[in-house]
There are 2 protein chains.
Amino acid sequence: MSTACDHHEEHQHHGLRGAALAAALTSAEARCAATQERLTAPRRRVLELLLGADAPLKAYDLIAAFGDRGEPAKPPTVYRALEFLERLGFAHRIESLNAYVPCRIEGAHVAAFLICDCCGEAAEVQPDLAAQVRAMARATGYEVRGVTLEAHGLCAGCRP
Amino acid sequence: MSTACDHHEEHQHHGLRGAALAAALTSAEARCAATQERLTAPRRRVLELLLGADAPLKAYDLIAAFGDRGEPAKPPTVYRALEFLERLGFAHRIESLNAYVPCRIEGAHVAAFLICDCCGEAAEVQPDLAAQVRAMARATGYEVRGVTLEAHGLCAGCRP
DNA sequence: CGTTCACCGTTATGAAATAACATAACCGCT
DNA sequence: AGCGGTTATGTTATTTCATAACGGTGAACG
Ligand SMILES: [Zn+2]
Ligand SMILES: [Zn+2]
Ligand SMILES: [Zn+2]
Ligand SMILES: [Zn+2]
């Protein structure tokens with residue numbers, strides 16, 4: 001992102017570091033192994049970058065940061081990894097930002113976000129709207145297969 | 001979109017034609033006049049194209065179709081018009097498609113769509129989720145300024 | 001009548017995503 | 001070990017989507 005706020009630096013400490021990061025990656029490996037999927041090197045690297053970030057990352061942020069010593073990745077490498085991570089529920093794409101976040105919620109869920117337009121924070125929440133949308137859809141014979149819900153506004157730390 | 005279905009041609013007749021289209025444009029002019037805004041030629045043309053379409057249109061679809069005799073518009077012309085139409089509530093951007101639709105709902109509202117991944121239809125609906133999201137937001141001190149809600153799935157006409 | 005401001009046309013470029021094809025690793029099987 | 005189907009990656013190039021920047025035009029307002 002770009003519009004980082006200067007006030008309130010402390011409310012951006014969402015990125016995992018050190019042991020917590022390693023634990024999250026190990027957990028992801030385990031979940032993959034349990035479903036016959038492979039957390040290969042590029043997939044693991046992209047997940048690591050997402051988990052360590054303080055805000056949603058754009059695909060080209062990931063491309064630029066991919067290499068250990070500054071060498072960028074090729075776009076398909078990162079896009080394929082993101083596709084995998086989304087498919088397994090390790091990451092979500094935020095459509096209104098063209099950006100990606102690691103999933104912060106256990107188990108199956110509809111991804112929903114409260115996005116701060118000031119500091120870039122994107123908090124994942126679990127609204128009970130699946131039922132609502134499904135009801136509305138059923139009234140018209142529509143079959144829901146996925147829902148994108150993204151609220152924009154200001155987080156508590158950035159409010160005037 | 002591209003993956004138009006071959007079955008059920010008749011459920012795509014959403015585009016306005018002739019008198020209905022003219023009436024909608026006249027109504028838009030009136031609404032603009034009432035708020036000191038101007039529905040200039042390019043803005044009116046883009047709105048006309050959106051109103052006449054059977055499905056969400058991409059920006060470059062609009063750019064290609066802009067001229068009366070096949071001459072395309074320049075990208076900024078169309079993007080500026082879209083920005084204006086969105087600002088006044090005449091059109092909505094569908095983030096998950098990078099596409100635009102004319103607004104089909106009177107008055108102020110949260111835009112929400114049931115999108116058919118088969119035929120491309122995007123039905124605008126009015127869920128009662130503003131309250132829910134606002135409640136969840138308030139619990140954390142978040143101030144909502146806008147909500148994007150887009151469901152993907154299959155419309156009644158495209159279901160197996 | 002001159003200033004102002006919103007709007008427009010135009011050129012160029014930046015940013016995001018994918019197509020297409022070749023190569024390599026993995027896996028279960030003989 | 002050797003094979004063959006499958007899955008994943010490497011690489012190049014292109015397409016798609018969106019905006020920056022600048023100068024010109026014309027209505028609006030005193
Ligand atoms: Zn999640
Ligand atoms: Zn904030
Ligand atoms: Zn609407
Ligand atoms: Zn359909």
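Protein chains get the first letters and strands the later ones, always in sequence-line order, with residue 1 at the start of each. Everything numeric here is computed off the predicted structure, so don't read it as measured data.
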What side-chain donor-acceptor pairs closer than 3.5 Å can you find for residues 67-81 of chain A, not counting sequence neighbours?
{"residue": "A:E71", "atom": "OE2", "partner": "A:R69", "partner atom": "N", "Å": "2.6"}

Is there any protein nitrogen or oxygen under 3.5 Å from a nitrogen or oxygen in nucleotides 26-29 of chain C, and what are the pairs?
none

[X] [atom1] - [N] [atom2] separation (whole Å):
{"X": "B:F84", "N": "C:dC7", "atom1": "CZ", "atom2": "P", "result": "7 Å"}
{"X": "A:L39", "N": "D:dT7", "atom1": "CG", "atom2": "P", "result": "18 Å"}
{"X": "A:E83", "N": "C:dT18", "atom1": "CD", "atom2": "P", "result": "9 Å"}
{"X": "B:L82", "N": "C:dC8", "atom1": "CG", "atom2": "C1'", "result": "15 Å"}
{"X": "A:R87", "N": "D:dA8", "atom1": "CZ", "atom2": "C1'", "result": "11 Å"}
{"X": "B:R45", "N": "C:dC8", "atom1": "CZ", "atom2": "C1'", "result": "17 Å"}
{"X": "B:E37", "N": "C:dA6", "atom1": "CD", "atom2": "C1'", "result": "10 Å"}
{"X": "A:I63", "N": "C:dA16", "atom1": "CD1", "atom2": "P", "result": "9 Å"}

Can you list the residues that meet the ring-ring contact (aromatic ring centres under 6.0 Å, His included) rule with A:F113, with sequence neighbours excluded?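 Result, ring-ring contact (aromatic ring centres under 6.0 Å, His included) vs A:F113: A:H92.
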
State which residues pass side-chain contact (heavy atoms from CB on, under 4.5 Å) with [X]; sequence neighbours excluded, sorted by chain then number.
{"X": "A:E48", "result": "A:L21, A:L25, A:R45"}
{"X": "A:A28", "result": "A:L39, A:L47, A:F90"}
{"X": "A:R138", "result": "A:R134"}
{"X": "A:R145", "result": "A:E143, B:L154"}

Side chain to side chain donor-acceptor pair (under 3.5 Å) contacts touching residues 22-33 of chain A (sequence neighbours left out):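 Counting only pairs at least two positions apart or across chains, the side chain to side chain donor-acceptor pair (under 3.5 Å) contacts touching residues 22-33 of chain A are A:E29-A:R44.
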
In chain order, what residues pass the salt bridge (Lys or Arg N to Asp or Glu O under 4.0 Å) check against A:E37, with sequence neighbours excluded?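 For A:E37 the salt bridge (Lys or Arg N to Asp or Glu O under 4.0 Å) partners, ignoring immediate neighbours, are A:R87.
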
Apply salt bridge (Lys or Arg N to Asp or Glu O under 4.0 Å) to A:E86 and list each qualifying residue two or more places apart in sequence or on a separate chain.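 A:E86 satisfies salt bridge (Lys or Arg N to Asp or Glu O under 4.0 Å) with no residue once adjacent residues are dropped.
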
Bending between helix ends of the helix from C:dC1-D:dG30 to C:dT30-D:dA1 [5 pairs per end, 10° resolution]: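 Taking five pairs per end, the axes differ by 30°.
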
Does the side chain of A:H109 come within less than 4.5 Å of A:C103's, by heavy atoms?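 The answer is yes; the side chains approach within 4.5 Å.
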
Contact string for nucleotides 9-18 of chain D, one letter per nucleotide 5' to 3', B = base within protein heavy-atom range under 4.0 Å, S = sugar-phosphate only, - = neither, reads BBBB----BB

Considering non-hydrogen atoms only, spot the tightest contact between B:A112 and B:P127 and give its length.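 In terms of heavy atoms, the two residues are closest at CB-CD, 3.4 Å.
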
